[in-house]
Structures are given as C-alpha cells and as structure tokens.
There are 2 protein chains.
Amino acid sequence: MISSTNKFEQLSDEKQSRIVNASISEFSEKDYESASMNSVVSQAKISKGSLFNYFKTKNILYNHIYKLALGEVKDYLRKVRDETANLPFNERLSEIVDSGVKFITEHPRLARIYFRLVYSGDSPNRKKIVKELQSMSEDYLGNIMQDAMDRNELDPKLDKTQSVFFLDAVLNRFLKEYHETLSKGKQLDRDNWVNSITELFSKGFK
Amino acid sequence: MISSTNKFEQLSDEKQSRIVNASISEFSEKDYESASMNSVVSQAKISKGSLFNYFKTKNILYNHIYKLALGEVKDYLRKVRDETANLPFNERLSEIVDSGVKFITEHPRLARIYFRLVYSGDSPNRKKIVKELQSMSEDYLGNIMQDAMDRNELDPKLDKTQSVFFLDAVLNRFLKEYHETLSKGKQLDRDNWVNSITELFSKGFK
DNA sequence: TCCTAAATTGACCACCCGGTCAATATTGAT
DNA sequence: ATCAATATTGACCGGGTGGTCAATTTAGGA
C-alpha cells in the first residue's frame, strides 16, 4: 500500500520544498489550465522527467498542493475554534475573522490557491473539492452557531443551514477582499470591518 | 471613426447570432484562456479567417461578448430599480433577488459568463472590469440603501460602503448558489431564501 | 576500483493554440 | 457575360502544452 507520492516523499527535504514552493507559486499565479509544468520545473530547478517521475500527472501534483493548502487552513480553523470555545458568539466571530486575516497575511499564496479554487471555474475535481469545503464550512460554522444557540445568544428558530450560508458568504467575501487589497499594497481598517460584520449578524441594518 | 466591430455588424442578423451564440457557449463553458477560437469557429460554422476578420483578436471578441452580457444584466437591474422605487426596503430587496433569479433562469449562459468574470482569476481586463462592476453595484445598491435611510427604514448611522458590501456579498453568493443548483437540475425554495435574506438584513441573527 | 541499480536528464512526441494570408468564391455594376 | 471588388476559406506558422523514454549521471556495496 504505497502512496503515489512515495517517490516524492523520499527526496531530501530541501528538494521537496523547492518543488512544493515552485508549485505553490505556479498554481497561485495561474488557473489550473494555464499553470505550466515546464514553469514549475524551471522554477524548482529540476528536470521535467524528474517532476513527472515524482508526480505522474499535473492533476496529481495539483491535488498534492491543494491538500497541503487545505491542511494549513484546517489547522488554523481548528486552533481558533478550540481556543475560543468559551467566548460569546460575537467575540468568537471576531476571532475567526481575525485568524482568517492572519492566515492570509502569513500565507498569501496558499490563500490565493484557496480563493482560486473556490471561486474559479476550472481545476479538475473542483466540484468534489468545493462540496468537501462546503460541508467542512457548514460543519465548522454550524457548530459555532449551535453553541451560540444553546446559550441563547442567537434566535433558536433560525434555519441553521441558511444562517451558516450567510455567515460563510460574508466571511469569505470579506477575506477575499482583504486578500486582494493586501496584494495591492493597500490596507483595510481591520478592526472596523470586524466590528461591522459582528454587528450585521447581531442586529442587521436596523 | 469606425468601430472595430464594423465588419461584424454588417453581417446578416442570422450569421451574427450564430457567431454570438457560439461565443457565448464557449466563454460560458470555459475560462478565457481555455476558450478556443477554433471551437467558436466550428460551432458557428464559419471559417477561422472570417472570425478573425470580424474580430481581430480573441480579446476583442471576448470584450464584445462580455459587454453584451453586462448590458443585459444592467437592463434587468435598471428595470427592477425603477419599478420598485416606491416599495419599502424589504420588499424592494426581495424584488431584486427575484429579478436576479429570473435573469439566471432566462439567461443561464450569460449568468455563467458574469460569475466566471467576477469570481475567476483570468480574462484579460478582469481588474478593470471588476472595478467597473463594483462601482456599478455600489452605486446601485447604494442608491437603494440611501432611499431606505432617507425614509428612516434603516439605521442612518450605518456605514454605507460596508453595508453595500455585505448586501452585495450575500446577494451575489446566493445567486451564484442558485445558478449552480439550477444547472444541477435541483431547485432551491426561492421564497424561503428570499425571506431569510431580508430577515438577515432587517434584524440579524437575534 | 569496479559494477550494477537507481535517479536524473532533456530531446522528443503528438496535439492544440491564436493568428496570418494567398488562394478561391461570391457579389454586383456595367 | 464580364470583371473588379469584396467576402470567405483553410492550410499554414511559430510557439507552448502535458507527457515519455532512451541515454546519462550518480551512489554505494563488494
């Protein structure tokens, strides 16, 4: 039962990270279709034959990179969820947004791959992956909403699926915007935005 | 001062629509980079030389199609804005969502081009176009919010830019979801969702 | 030091791309 | 019917793609 990345995993750490690094750059800068194995190869300073020896196809390389990115996102989310378990909903929400902002700042290229995946049209298993992400988000935000509902902080008659959908929509869109302004060198007033987001969900526009 | 699409506009309506139709299909199914002029040509049943005679480059053809799609979206929005000018905010919001749903149902391929443009990474003048769309949306939703604030239906202390951003985020994401379930053959409970959206903005999760 | 097995290389393949342009077909005025 | 102007065609170009594989380099045990 040997994984298909076996050959890759047996390389030196240094070479592995050169390849991963080059792949992240390529997939974060271009759509899946436009990303070029030749470009990865030349950035990583290995030969084409080697790359295809480590990863049989572009698809397999992409999956490796995407799982890596997603793994990092999950770690972040898990951490903030656990660390804020006892905070009230509003503060918890605020911490989640904050940790998203932090992730984007620390891993802009991974964030780019994530947004490209979620919002863009191509990439081979996009539908499956997006479904997976969606259920992950539903699970994650759903738990946090449930906690708040159990504590009577939120209306218990809320439709959880829909509420989670709205939360997810606003959070994702904000983080996407933050990511884009960041890569333009601008800066949003983070605290102000975080505040507005929690206000929106706590009392609407009234 | 002759437009660059001059040659195209002088074609018979039948041929024009064959070409437009083929182009819409191609650009709605594939990213800009992946969309193929060869494919457009064979769908439209004209020769490659002709297509490049009517539109000098792929870029120019894309712009023609995108402007066409955007024009249709604008018509819809303008219409619903004018027809609902006297309704209270909640009902107006509901009508806007409805008209979005209607547009998607009647023009699924144009909707696809729109979403691809807004959410996807490539296409040549994406940044300029998205900026244009953003200011259009800000203008559009901003006006509608302003009307509501003038009538004291909404908190006048709201930050309009941020509120419009949230509105836009939720509406777009919902319509995107609707579009995707539609193309999967499923159906969302439209009335229920419209209702939840207006509730979210009128009183949050409380 | 030698030899073999494994790792690495890059020239090469078939295919597709956007775009060109000489050759051909069509049109319409005389 | 003729012929010049115009519209249309598709073979062709240079270049890039994902992927292959014979040839070469490297590594390490005897």
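The figures here come from the full heavy-atom set of this structure, side chains too, leaving out hydrogens, waters and symmetry mates. Lettering of chains follows the sequences in order, A, B, ..., and the numbering in each one begins at 1.
- Separating the CZ atom of B:F55 from the C1' atom of C:dG18 is a distance of 16 Å, rounded to the nearest angstrom.
- The side chain of B:K15 approaches D:dT8 more closely than any other nucleotide in the set D:dG18, C:dG19, D:dT8.
- The separation between B:N6 atom CG and D:dT6 atom P is 13 Å, rounded to whole Å.
- Straight-line distance from the NZ atom of A:K45 to the P atom of C:dG10: 14 Å, rounded to whole Å.
- Ion pairing between B:K184 and B:E180 fails under the 4.0 Å rule for side-chain N and carboxylate O.
- Across the protein-nucleic acid pair, A:K56 atom NZ and D:dG18 atom P stand 19 Å apart, rounded to whole Å.
- Using a 4.0 Å cut-off, no side-chain N or O of A:S47 falls inside it from OP1 or OP2 of C:dT8.
- Using a cutoff of 4.0 Å between basic side-chain nitrogens and carboxylate oxygens, A:E26 and A:K30 are scored as salt-bridged.
- Whole-Å rounding puts the A:K30 NZ to D:dT17 P distance at 7 Å.
- Positionally, the nearest nucleotide of DNA chain D for A:N38 lies more toward the 5' end than for the other of A:G49 and A:N38.
- Checking the phosphate oxygens (OP1, OP2) of C:dG18, a side-chain nitrogen or oxygen of B:K58 falls inside 4.0 Å.
- Protein atom CD of A:E33 is 12 Å distant from nucleotide atom P of D:dT17, rounded to whole Å.
- Residues B:Y76 and B:E106 have side chains that bring a donor and an acceptor to within less than 3.5 angstrom of each other.
- Which of C:dT8, D:dG18, D:dG10 sits closest to the side chain of B:K48 comes down to D:dG10.
- The shortest distance between the side-chain N/O atoms of A:Y54 and the OP1/OP2 oxygens of C:dA7 is not below 4.0 Å.
- The residues A:K128 and A:E132 are annotated as not salt-bridged, no charged nitrogen and carboxylate oxygen being separated by less than 4.0 angstrom.
- Both tests hold for A:R173 against B:F165: distance to the six-membered ring centre under 6.0 Å, angle to the ring axis within 45°.
- The CG atom of B:N59 sits 13 Å away from the C1' atom of C:dG19 (whole-angstrom rounding).
- Contact check, B:S36 against C:dC17: a side-chain N or O comes under 4.0 Å of OP1 or OP2.
- Distance, A:N53 CG to D:dA22 C1': 14 Å, rounded to whole Å.
- Considering only side-chain atoms of A:I46, the nucleotide from C:dT9, D:dT9, D:dT20 that sits closest is C:dT9.
- Residue contacts shown for A:L61 are absent, as no nucleic acid heavy atom lies under 4.0 Å away.
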